[in-house]
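To keep things clear, I will list the structure first and then write my remarks on it.
Numbering of residues begins at 1 and proceeds along the displayed sequence. Since we're looking at a predicted model, the values are computed, not measured.
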Amino acid sequence: MATPRRTSQRKTAITQTDDLATGSSATPARELTLEESLGAQIREKRRKADLTGTELANAAGISLGMLSKIENGQISPSLATLQSVSHALNISLSQLFATAEEQRDCSFVRSGQGVTIERRGTKAGHQYNLLGHLLSGPVVVEPYLISLHEGAEPYVSFRHDGIEVIYMLTGRLIYRHGDQTYEMGPGDTLMFDSQAPHGPEKFLTGSISYLSIITYSRHTD
């Protein structure tokens, strides 16, 4: 009787030191320098205080050019300068350093708890629910759940900065972008430059919903 042959199988273990990458081609994140962290905190607190760069620079007794370099992490300001800036922002110097550690925004919205947003389309039976919002970063990302109710009217004249991605969830419609139209159903995706006129042109079913994710550059002062 022949002895069954045993085949060996190699298993590759993943250690904690291995670099795991996603399919994204985005540049890997790096740790910010102290100057960059301080600058980012100053810019964020200035915006929360609803101050322009000129207003903060004048209040702190420094030039707008120096403030710009500080916010962009291009120089290492003296403690005296940082103290002047913190006083102008109505915060303590120690608080500025305490919050200078690298932080990243995160937004979590439970099912059914998105913020209802008024848009031009809402008057025509289009309901917008904002699913998340970040306060900082060079890019603004606005994720919406859009529901088109019975009797909703087509609207194909939306125009705004940025890139938009639409992912169909339920129902079917014909969506227009510029001079092209696309029949879309559940699972279909459309990505486009949103400066061209766009919007749902015809509803093929009575109830329709889709995700709309809009990205554009955050304007800085």
Side-chain angles (χ1 to χ4, degrees), residues 20-29 40 43-44 46-53 103-221:
L20 303 182
T22 67
S24 173
S25 59
T27 302
R43 182 188 299 110
E44 180 179 349
R46 172 175 64 78
R47 290 172 176 168
K48 286 184 177 180
D50 198 25
L51 295 173
T52 66
Q103 299 178 359
R104 298 299 180 200
D105 282 352
C106 181
S107 176
F108 174 66
V109 177
R110 291 193 181 277
S111 176
Q113 295 184 4
V115 178
T116 300
I117 304 296
E118 290 294 327
R119 289 288 188 268
R120 286 172 294 178
T122 58
K123 299 178 181 179
H126 303 212
Q127 179 179 328
Y128 294 74
N129 288 96
L130 183 62
L131 302 180
H133 179 63
L134 300 181
L135 298 176
S136 61
V139 177
V140 178
V141 180
E142 296 179 349
Y144 294 98
L145 171 62
I146 299 180
S147 302
L148 305 177
H149 304 297
E150 288 282 352
E153 300 177 7
Y155 191 89
V156 295
S157 298
F158 292 110
R159 298 184 70 174
H160 50 83
D161 289 340
I163 301 296
E164 185 167 353
V165 177
I166 288 177
Y167 180 80
M168 290 293 297
L169 297 174
T170 63
R172 301 190 68 84
L173 55 70
I174 294 178
Y175 200 93
R176 174 171 289 279
H177 175 257
D179 59 359
Q180 299 291 320
T181 58
Y182 305 86
E183 181 174 338
M184 301 181 66
D188 290 341
T189 303
L190 185 64
M191 180 176 180
F192 52 86
D193 182 336
S194 46
Q195 288 190 345
H198 60 275
E201 182 172 271
K202 183 177 181 181
F203 307 125
L204 304 180
T205 58
S207 180
I208 298 170
S209 65
Y210 57 88
L211 290 176
S212 170
I213 302 175
I214 302 171
T215 61
Y216 55 92
S217 296
R218 189 185 302 275
H219 296 296
T220 60
D221 296 327

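Residues satisfying the side-chain hydrogen bond (donor to acceptor under 3.5 Å, both in side chains) criterion with S212, sequence neighbours excluded, are E164. With sequence neighbours excluded, no residue satisfies side-chain hydrogen bond (donor to acceptor under 3.5 Å, both in side chains) with T205. Taking the ring pair (Phe, Tyr, Trp, His ring centres under 6.0 Å) definition, one finds that Y182 meets it with nothing, sequence neighbours left out. Every residue was checked against the side-chain hydrogen bond (donor to acceptor under 3.5 Å, both in side chains) condition with S207, not counting sequence neighbours, and none meets it. Residues meeting the side-chain hydrogen bond (donor to acceptor under 3.5 Å, both in side chains) test with Q195, sequence neighbours left out: D161.
For the salt bridge (charged side-chain N to carboxylate O under 4.0 Å, His left out) condition, the pairs that include at least one residue of residues 170-183, sequence neighbours left out, are R172-E183, R176-E201. Within the structure, the side-chain hydrogen bond (donor to acceptor under 3.5 Å, both in side chains) test picks out the following pairs touching residues 185-194 (sequence neighbours left out): H160-S194.
From L190, atom CG reaches atom CD of Q180 across 10.5 Å, with rounding to the nearest 0.5 Å. Once rounded to the nearest 0.5 Å, the distance linking CG of L204 with CD1 of I174 reads 5.0 Å. For the atom pair E142 CD and L131 CG, the distance stands at 11.5 Å (nearest 0.5 Å). If you take OG1 on T215 and CD1 on I213, they are separated by 9.0 Å, rounding to the nearest 0.5 Å.
The aromatic rings of H198 and F158 lie tilted to each other, with the angle between the two planes from 30° to 60°.
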Item to complete: Evaluate side-chain contact (heavy atoms from CB on, under 4.5 Å) for Y144 paired with I214, printing each intermediate quantity in order.
Response: CA-CA 8 Å; Y144 294 98; I214 302 171; 4.1 Å; yes
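Defined by atom type and a distance below 3.5 Å, a donor-acceptor pair is present between the side-chain atoms of T170 and S209.
Using a 4.5 Å heavy-atom threshold, the side chains of M168 and L173 count as touching. When side chains are defined from C-beta on, F203 counts as touching L148, because their heavy atoms get closer than 4.5 Å. In this structure the side chain of M184 reaches within 4.5 angstrom of the side chain of I166, judged on heavy atoms. Using a 4.5 Å heavy-atom cutoff, the side chains of L169 and L145 are in contact.
Contact detail for G162 and Y216: the closest heavy-atom pair is CA-CB, 3.9 Å. Considering all non-hydrogen atoms of both residues, Y210 and Y175 come closest at OH-CE1, 4.0 Å.
For H126 (side chain) and E153 (main-chain N/O), a donor-acceptor pair under 3.5 Å exists by modelled atom type.
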